[in-house]
2 protein chains.
Amino acid sequence: MRAQNLDLDDGGAEQLSLSRPVLAVRVADALRELILEGKLAGGEKIREKELTELFGVSRTPLREAMKILASEGLIELIPNRGAVVSEPTASELADAFPILAALEGIAGAQAAERASDEEIAEICRLTENLRTSLEAHDRPGYFEINQAIHNAILAASRNETLRRTHATIARQVHRARYQANLSRDRWEKALSEHEQIAEALSRRDVERTSRLLSDHMMAKLSTVLQAPNRDAQPLA
Amino acid sequence: MRAQNLDLDDGGAEQLSLSRPVLAVRVADALRELILEGKLAGGEKIREKELTELFGVSRTPLREAMKILASEGLIELIPNRGAVVSEPTASELADAFPILAALEGIAGAQAAERASDEEIAEICRLTENLRTSLEAHDRPGYFEINQAIHNAILAASRNETLRRTHATIARQVHRARYQANLSRDRWEKALSEHEQIAEALSRRDVERTSRLLSDHMMAKLSTVLQAPNRDAQPLA
DNA sequence: GACAATAATTTTGAATTCATAATTCAATTC
DNA sequence: GAATTGAATTATGAATTCAAAATTATTGTC
């Protein structure tokens, strides 16, 4: 694996070059990405040396980044032994879903109240794309748009704490969700749920949007739990 | 302020002296405590030098601790300018309550399903103490027991992600909640709610325990929002 | 060849050091 | 006297260094 450039994408040419985030935060983002992509599998030991070389930074910002990921629950710090990538048990995974469902329920309610018409239109547009990618049997595309919709709803809720909390927990189940093999049947059903959600949101039906989103998330639980637990290829 | 001893309370004499947490985590705990106690007021700039002297550690673990608290939302990192203690706006505070309410609702439901009889008995016992402290007009005592009850319910839910998520968000509203001046009327009502919760939990009524806890939390929202925003005395 | 003891190496924890950016404050100008 | 410039000071960002712990390799023994 080649050394990565952590400077990328500062948001473009802003006047006066707004101060970029501290290095540790950028390293944390990059490291989080590695874990979510499965490049660092669950249970795997984190080697500081390897990662400092990969990122081209010294151990100080890397170790700070590790503290951040640990506080998010993505890795576990073991005194005098470094850290390992967390490997949630099936029951821990299952426990995350009611939380996610509740958070999405709140997001739906607040989005129905607070979203701009443009935001709702965008969510509807994404939902249409969702159907397109299902019909094209484009699994990765579907997954990506699906995630974009959920993120858009979270953003439209205008509740930053909610957005951040959701992101933290969603990451923990991210790998498992990605690996879950949607049956054709479940896939169609999920799309239909999404279309109902978009419709309820368009009518700004607070109660229904909330309930549909919450139920939608709980429906994913069973799908995920019965998925095999193969992991992506390891690093280097 | 005197230098603090971060070694305190390792849990007692465990065989083989279980490895203590990494220093950065202990510093983070201590620093978090300072913020929650109001010793470091919202908006206040964090001076590394001052804190390294207070804790008797070097800048490295302190800065790692700061990264942890930043990821919890308790402080904000400003590149090249250090960090400041977060000062949630009223609307951010208000946004946190539906989240807390939902989390407590889940906790109630799962506690009703999963708690041991001993845990439920303990929660009932604490609820009785709550009445005692109300009748003694012991505000700090009431506040402490109240918190112990909520923590006990979270623990009884046997959902570690839930417990951790709740803790993170609860901290953000902690200061505000502490400062909220309960009216006598609201105080009595809150106690009655707690007694209902303990009763529902004893009967392991999942639905009712969940709803009561959720409503109880939302009831606190208005109390907090109308509280004056005076802060505790600053550090040193 | 299996095992235990111990020496060498590697890895981690934390302090220190160095470079750079921000702040302060006096000197200067208008 | 207020505003501005620029040097001096201070604080922060990140690499390096040093010490301690853990891991691995080696040797010796049975």
Query raised in the report: What residue among B/Gln110, B/Glu119, B/Glu113 forms side chain to side chain contact (heavy atoms under 4.5 Å, CB included) with B/Ser157?
Result: B/Gln110
Query raised in the report: Among D/dT17, D/dA15, D/dT12, which nucleotide sits nearest the side chain of A/Thr60?
Result: D/dA15
Requested in this report: Look at the rings of A/His194 and A/His150 and say which category their plane angle falls in: under 30° parallel, 30 to 60° tilted, over 60° perpendicular.
Outcome: perpendicular
Query raised in the report: Step by step, would you call B/Glu72 with B/Arg32 a salt bridge (charged side-chain N to carboxylate O under 4.0 Å, His left out)?
Result: CA-CA 10 Å; B/Glu72 291 175 2; B/Arg32 191 185 296 113; 2.8 Å; yes
Report summary line: Once base and sugar-phosphate atoms are separated, protein heavy atoms under 4.0 Å mark nucleotides 5-11 of chain D, 5' to 3', with B, S and - as -------
Query raised in the report: CZ of A/Phe55 versus C1' of D/dA14: gap in Å, rounded?
Result: 16 Å
**Report entry** Interatomic distance where CG belongs to A/Leu51 and C1' belongs to C/dT11 [whole Å]
**Finding:** 13 Å
Report summary line: Checking C/dT16, D/dA14, C/dT12 against the side chain of A/Arg63 (C-beta onward), the nearest is C/dT12
Report task. Round to the nearest Å and state the distance from B/Lys67 atom NZ to D/dT12 atom P. Result -> 11 Å
Query raised in the report: Between D/dG13, C/dG13, C/dT16, which nucleotide has the shortest distance from any of its atoms to the side chain of A/Asn80?
Result: C/dG13
Query raised in the report: For A/Glu64 and C/dG13, what is the distance between atoms CD and C1' respectively, to the nearest whole Å?
Result: 14 Å
**Report entry** B/Glu104 versus B/His216, side-chain donor and acceptor atoms under 3.5 Å
**Finding:** no
Report task. Grab the CD1-P distance between B/Ile78 and C/dA22 for me, whole Å please. Result -> 12 Å
Requested in this report: Give the nucleotide from the list D/dT17, C/dA15, D/dA15 with an atom nearest to the side chain of A/Arg59.
Outcome: D/dT17
**Report entry** Within residues 75-86 of chain B or reaching into it, pairs that qualify as salt bridge (Lys or Arg N to Asp or Glu O under 4.0 Å) - sequence neighbours excluded
**Finding:** none
Requested in this report: Would you kindly give the CG-to-P distance between A/Leu23 and D/dT12, to the nearest whole Å?
Outcome: 17 Å
**Report entry** Pairing of B/Arg163 and B/Glu160 as salt bridge, 4.0 angstrom limit
**Finding:** yes
Query raised in the report: How many Å lie between CD on A/Glu50 and C1' on C/dT12, as a whole number?
Result: 15 Å
Query raised in the report: Would A/Lys67 and B/Val22 satisfy side-chain contact (heavy atoms from CB on, under 4.5 Å), going step by step from the backbone distance to the final call?
Result: CA-CA 10 Å; A/Lys67 300 295 185 298; B/Val22 291; 4.3 Å; yes
